[in-house]
There are 2 protein chains.
Amino acid sequence: MNTPDDDWLRLDQQICFSLHAASRAFNGVYRVILKDLGLTYPQYLVMLVLWEHGELPVKKLGEHLRLDSGTLSPLLKRLEAAGLVSRERSARDERSVEVRLTEEGSALRRRALEVPRRIAASTGFGADEIRALRARLDELTTALDAAALAESPGGSPADARS
Amino acid sequence: MNTPDDDWLRLDQQICFSLHAASRAFNGVYRVILKDLGLTYPQYLVMLVLWEHGELPVKKLGEHLRLDSGTLSPLLKRLEAAGLVSRERSARDERSVEVRLTEEGSALRRRALEVPRRIAASTGFGADEIRALRARLDELTTALDAAALAESPGGSPADARS
DNA sequence: CGCCATTCAATTGCACACAACTTAATTGTG
DNA sequence: CACAATTAAGTTGTGTGCAATTGAATGGCG
């Protein structure tokens, strides 16, 4: 009786909504800061992975970012049009497409180095606070992903490979 | 020298990315659970506000949800097509449009009551943990919003009305 | 060797999210 | 009262995000 149904609906709104709002607020700050680089926020995430790993197939990129080809294909096409990456079918496996940084894409990294500092400043959070929050969010994501599989309409254990 | 540039770019990826991933993970769980109700996640957020406030103009709805008419207009049109809400120009101010729950929309609330519990279970977090995380995220959002204004290209004090 | 299940990208269709613009109504001011 | 500035919705265009489908290539198995 502490939490009648009405309160449940209210509390619920606040949890999911806070996350939704925070995500969009982050997006907004990145949008402003990344405009100089000519990148959107998701494009920046792709570039971060490429700057770290150099070159990798679309599949691997998707695993790092939890995105599928439906999202990545058009995004990569835009990065290619911007001259930042090249896409080439792998010689060994013609199904796979290797995404590589162009010289221009690699060079952009230097200009991107100041982004993290500006973002960190925008949050007003210290490094430790950020680390703690990140850990919390990762726990949450792991739990939610597991739950999505279980709840899934065909929530069959068949999906839960390994 | 504790944090060379490389580490900054890595850490940065993790903060923004964790939030991005958590938000999408939440979205995924809601997608599954809300499918029964025929609602998308943002549509559910709109319905939550309407269930709480009954009826209100698009503008107010946008303030509660931090969404503008560009997002809300088509979304509300879909909710109207689904028979859950009605839209009617206000008599007192013809610019404004009042969004009201239909009987069907009000009735849907009963079926939505179980959603919060299922979501809470999916997170695996306790009520206190959720509250703490929500508070943290709200701080973050406030800070980011303020920063976005300041960073804004025309980050002129002219924008900061009042 | 030949066939079928699997895998990878790309495409299609739908639904946000947001900037920029348009249109209509209202308010403030002279 | 008339007119400029403001305000509210809606529209347009771009860019994700994801389910479902398609098409090409690969790998396993008889």
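We name chains A, B, ... by the order of the sequence lines, and we start the count at 1 in each one. From a predicted model like this one, the values you see are computed outputs, not experimental measurements. Just the heavy atoms: all of them, side chains too, but no hydrogens, waters or symmetry mates, feed the values below.
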**Prompt:** Taking DNA chain C as the partner, which of residues 40-57 of chain B come within under 4.0 angstrom of it by heavy atom?
**Reply:** B:T40, B:P42, B:Q43
**Request:** Give one of base, sugar-phosphate or nothing for A:L75, where a contact means two heavy atoms less than 4.0 Å apart.
**Result:** sugar-phosphate
**Prompt:** With a non-hydrogen cut-off below 4.0 angstrom, is A:K60 in contact with a base, only sugar-phosphate, or nothing?
**Reply:** nothing
**Prompt:** Do any N or O atoms from the side chain of B:Y44 and from the backbone of B:Y30 form a donor-acceptor pair under 3.5 angstrom?
**Reply:** no
**Prompt:** For the side chain of A:R89 and the backbone of A:R95, is there at least one donor-acceptor N/O pair under 3.5 Å apart?
**Reply:** yes
**Request:** Return the value, rounded to whole Å, for the distance between atom CG of B:L34 and atom C1' of C:dC14.
**Result:** 17 Å
**Request:** Say whether, by atom type as modelled, one donor and one acceptor occur between the side chain of A:S69 and the main chain of A:L72 under 3.5 angstrom.
**Result:** no
**Asked** In whole Å, what is the span from the CZ atom of B:R89 to the P atom of D:dA9?
**Response** 8 Å
**Prompt:** Whole-Å distance between D:dG10 P and B:L72 CG?
**Reply:** 9 Å
**Request:** Nearest whole angstrom, please: distance from the C1' of C:dC16 to the CZ of B:R66.
**Result:** 17 Å
**Message:** Under the criterion salt bridge (Lys or Arg N to Asp or Glu O under 4.0 Å), I'd like the reasoning laid out for A:E114 against A:R117: C-alpha separation, chi angles, the key distance, then a yes or no.
**Reply:** CA-CA 6 Å; A:E114 68 168 42; A:R117 264 182 284 264; over 6 Å; no
**Complete:** Taking C:dC8, C:dT26, D:dG15 as options, the one with an atom nearest any side-chain atom of A:K59 is C:dC8
**Message:** I need the CG-P distance between B:L61 and D:dG10, as an integer number of Å.
**Reply:** 11 Å
**Request:** Check whether any side-chain N or O of A:S73 sits under 4.0 Å from OP1 or OP2 of C:dA10, and answer yes or no.
**Result:** yes
**Asked** For the pair made of CZ in A:R31 and C1' in C:dA19, what is the distance, rounded to whole Å?
**Response** 8 Å
**Request:** Check whether any side-chain heavy atom of B:L39 lies under 4.5 Å from a side-chain heavy atom of B:V46, and answer yes or no.
**Result:** no
**Fill in**
Walking DNA chain D from its 5' end, the first of A:D68 and B:L76 to be reached, judged by nearest nucleotide, is B:L76
**Nearest-angstrom distance from the residue atom CG of A:L79 to C1' of D:dG15** = 12 Å
**Request:** Kindly say whether A:H20 contributes a backbone atom to a donor-acceptor pair with the side chain of A:S23 at under 3.5 angstrom?
**Result:** no
**Complete:** What residues 15-27 of chain B contributes to the DNA chain D interface at heavy-atom separation below 4.0 Å is B:H20, B:R24
**Fill in**
Note: A:I15 and B:R134 closest approach over all heavy atoms is N-CD, 3.9 Å
**Prompt:** Between B:S106 and B:L101, is there a donor-acceptor pair closer than 3.5 Å when you use the side chain of the first and the backbone of the second?
**Reply:** no
**Asked** Side chain of A:S69, base of C:dA10: donor and acceptor closer than 3.5 Å?
**Response** yes
**Presence of B:K77 side-chain N/O under 4.0 Å of C:dA15 phosphate oxygens OP1/OP2** = no
**Prompt:** Hey, does B:S96 reach any base, or is it just sugar-phosphate, or nothing, if we go heavy atoms under 4.0 Å?
**Reply:** sugar-phosphate
**Prompt:** Which one of A:T71, A:D145, A:T141 satisfies the side chain to side chain donor-acceptor pair (under 3.5 Å) criterion with A:R66?
**Reply:** A:D145
**Prompt:** In whole Å, what is the span from the CG atom of A:D93 to the P atom of D:dT26?
**Reply:** 6 Å
**Any A:R78 side-chain nitrogen or oxygen under 4.0 Å from OP1 or OP2 of D:dT16** = yes
**Prompt:** Do the side chains of A:L67 and A:L45 get nearer than 4.5 Å, heavy atoms only?
**Reply:** no
**Prompt:** Side-chain N or O of A:R87 less than 4.0 angstrom from OP1 or OP2 on C:dA10?
**Reply:** yes
**Message:** Using a 4.0 Å heavy-atom cut-off, does A:L67 contact any base of the nucleic acid, only the sugar-phosphate backbone, or nothing at all?
**Reply:** sugar-phosphate
**Prompt:** In terms of side-chain heavy atoms of B:V58, which of C:dC18, D:dG10, C:dT7 is nearest?
**Reply:** D:dG10
